[in-house]
Amino acid sequence: MTKNLFSVIGLVARHSKPHIIESLLTLAAHLTQRGVRVLIDAESMPPAGDNTPAYPAVEREDLGKLADLVIVLGGDGTMLSIARVLAAYRVPLVGINQGRLGFMTDIPLHEMLGAIDQILEGQFVPEERILLQASVIREEAEITSALALNDVVISRGALGSMIEFEVFVDNQFVYSQRSDGLIIST
C-alpha cells in the first residue's frame, strides 16, 4: 500500500440528492481500502441498513478539527456552505461535481476515484482562496456577520428605494454610496 498524504478524510455530500449516497459510499470504501480513516458529516450520513458499512458520523462543525482533508460531493453551493463552516480550520477542500456546473467542484464524478488517488499521492497543485468577512452594522451594533468565498451581495431586498451605505476595508473608509446594491468579490 502506498503512503497517503492525508490520513483522516471527512466526506460531505449534498444530502438532498439520494443518488449521491451511492457515490459517497463508493468513495468511503475506496479510501478505507487505501488505509485512510473516513469520517462522514452527520448530515450527509446515509440511512443505516443491513448492507450499509459503518463510518463515524461527525458534526459538520467538528470536521475541521478532525480531518486532514474534506471531500465535498455536490455542487458549488454545497462547497460554499462547507467552506464557510471549515474556514477557521484551514483544512483543504476537494470538490466532486454532482451538480450540473461546477467552478469549485471541478472533479467530475466519473474521474472521482482516480483523481482522489492522485491527491492522496501528492499529485496536485493547491489553490488558495481569499475569504471575505462581511458585517452589517447599524447604529454601531453588529446586526449580522458572515464569511464569503466568492462574493458578498448587498442589496435593497424588497425595498422600493435605494440604499445608502459606507464601505470600509480593514477598518479604513473607502467610500459611501447610494444605489440598488453592491457586489464585492474576491
Side-chain angles (χ1 to χ4, degrees), residues 1-2 4-132 146-153 186:
M1 188 180 323
T2 58
N4 296 316
L5 187 60
F6 303 98
S7 59
V8 180
I9 296 180
L11 302 181
V12 177
R14 182 174 175 195
H15 46 79
S16 64
K17 301 279 186 178
H19 70 278
I20 292 180
I21 297 301
E22 184 180 332
S23 301
L24 177 82
L25 292 174
T26 298
L27 180 57
H30 182 77
L31 291 169
T32 301
Q33 286 175 343
R34 288 202 48 139
V36 173
R37 182 167 175 248
V38 174
L39 307 173
I40 297 182
D41 163 51
E43 291 179 40
S44 307
M45 200 68 172
D50 294 337
N51 296 329
T52 305
Y55 296 100
V58 176
E59 292 302 318
R60 192 166 280 189
E61 294 75 26
D62 294 329
L63 273 176
K65 297 177 208 169
L66 303 171
D68 303 323
L69 173 75
V70 172
I71 301 173
V72 179
L73 291 92
D76 286 350
T78 308
M79 180 69 108
L80 287 168
S81 68
I82 297 305
R84 278 191 289 274
V85 172
L86 300 181
Y89 302 102
R90 299 187 55 85
V91 63
L93 299 175
V94 173
I96 308 296
N97 189 356
Q98 299 280 322
R100 289 177 298 271
L101 180 63
F103 294 104
M104 289 173 282
T105 53
D106 56 356
I107 297 173
L109 179 60
H110 68 277
E111 295 177 14
M112 174 177 71
L113 299 181
I116 294 304
D117 284 346
Q118 288 178 331
I119 290 168
L120 291 175
E121 293 162 9
Q123 299 174 36
F124 64 91
V125 177
E127 184 178 292
E128 293 271 333
R129 298 281 178 120
I130 297 171
L131 290 172
L132 296 172
L147 285 174
L149 187 60
N150 277 351
D151 54 36
V152 174
V153 177
T186 56

Checklist line | Residue pair M79 / L93, side-chain heavy-atom distance below 4.5 Å | finding: yes
Item checked: Sub-4.5 Å side-chain heavy-atom contact between L39 and R37 -> yes
Next item on the list: Might you point out which heavy atoms bring L73 and L24 nearest each other, and give the distance in Å?
Entry: CD2-N, 3.9 Å
Check: Would a 4.5 Å heavy-atom cut-off, applied to side chains only, mark I71 and L31 as touching?
Finding: yes
Note to self: Taking side-chain hydrogen bond (donor to acceptor under 3.5 Å, both in side chains) as the definition, give me every residue that meets it alongside D151, ordered by chain and number, with sequence neighbours left out.
What the structure shows: none
Next item on the list: State, to 0.1 Å, how close I107 and A115 come at their nearest heavy-atom pair, and which atoms those are.
Entry: CG2-CB, 3.7 Å
Margin query: Keeping N4 on the side-chain end and R34 on the backbone end, is there a donor-acceptor pair under 3.5 Å?
Written below: yes
Next item on the list: Could you pull out all residues at least two apart from E61 that satisfy side chain to side chain contact (heavy atoms under 4.5 Å, CB included)?
Entry: E59, V85
Next item on the list: List in chain and number order the residues that pass side chain to side chain contact (heavy atoms under 4.5 Å, CB included) with L132, two or more places apart in sequence or in another chain; answer none if no residue qualifies.
Entry: A148, V152, I184, T186
Margin query: For a 4.5 angstrom cut-off between non-hydrogen side-chain atoms, does V58 reach D41?
Written below: no
Note to self: So which atom in S81 and which in R60 form the shortest heavy-atom distance, rounded to 0.1 Å?
What the structure shows: OG-NH1, 4.5 Å
Next item on the list: Please name all residues satisfying side chain to side chain contact (heavy atoms under 4.5 Å, CB included) with E127, sequence neighbours left out, ordered by chain then number.
Entry: R129
Notebook entry, point to check: By side chain to side chain contact (heavy atoms under 4.5 Å, CB included), which residues pair with A57, not counting sequence neighbours?
Noted result: A42, M45
Next item on the list: Output, in order, the C-alpha distance, side-chain angles, deciding distance and verdict of side-chain contact (heavy atoms from CB on, under 4.5 Å) for V94 and F124.
Entry: CA-CA 11 Å; V94 173; F124 64 91; over 6 Å; no
Notebook entry, point to check: Sequence neighbours excluded, which residues qualify as side-chain hydrogen bond (donor to acceptor under 3.5 Å, both in side chains) partners of S7?
Noted result: D68
Item checked: Pair Y89-K65, side-chain contact (heavy atoms from CB on, under 4.5 Å): steps then yes or no -> CA-CA 7 Å; Y89 302 102; K65 297 177 208 169; 3.3 Å; yes
Note to self: Quick check: do I119 and L5 have side-chain heavy atoms less than 4.5 Å from each other?
What the structure shows: no
Margin query: With side-chain contact (heavy atoms from CB on, under 4.5 Å) as the criterion, how do T26 and L113 come out once you've worked through the C-alpha distance, each side chain's angles and the decisive distance to 0.1 Å?
Written below: CA-CA 9 Å; T26 298; L113 299 181; 4.3 Å; yes
Check: What heavy-atom pair brings S23 and L109 nearest, and what distance separates the two atoms?
Finding: OG-CD1, 3.5 Å
Notebook entry, point to check: Of all heavy-atom pairs between A87 and L147, which one has the smallest distance, and what is that distance?
Noted result: CB-CD1, 3.6 Å
Notebook entry, point to check: Does L69 reach the side chain of P92, with side-chain heavy atoms less than 4.5 Å apart?
Noted result: yes
Notebook entry, point to check: Of the non-hydrogen atoms in I20 and A13, which two are nearest, and what is the gap between them?
Noted result: CG2-CB, 3.5 Å
Note to self: Taking the side chain as everything from C-beta on, heavy atoms only, tell me whether L27 gets closer than 4.5 Å to L11.
What the structure shows: yes
Check: Would you say V36 and H30 make side-chain contact, with heavy atoms under 4.5 Å?
Finding: no
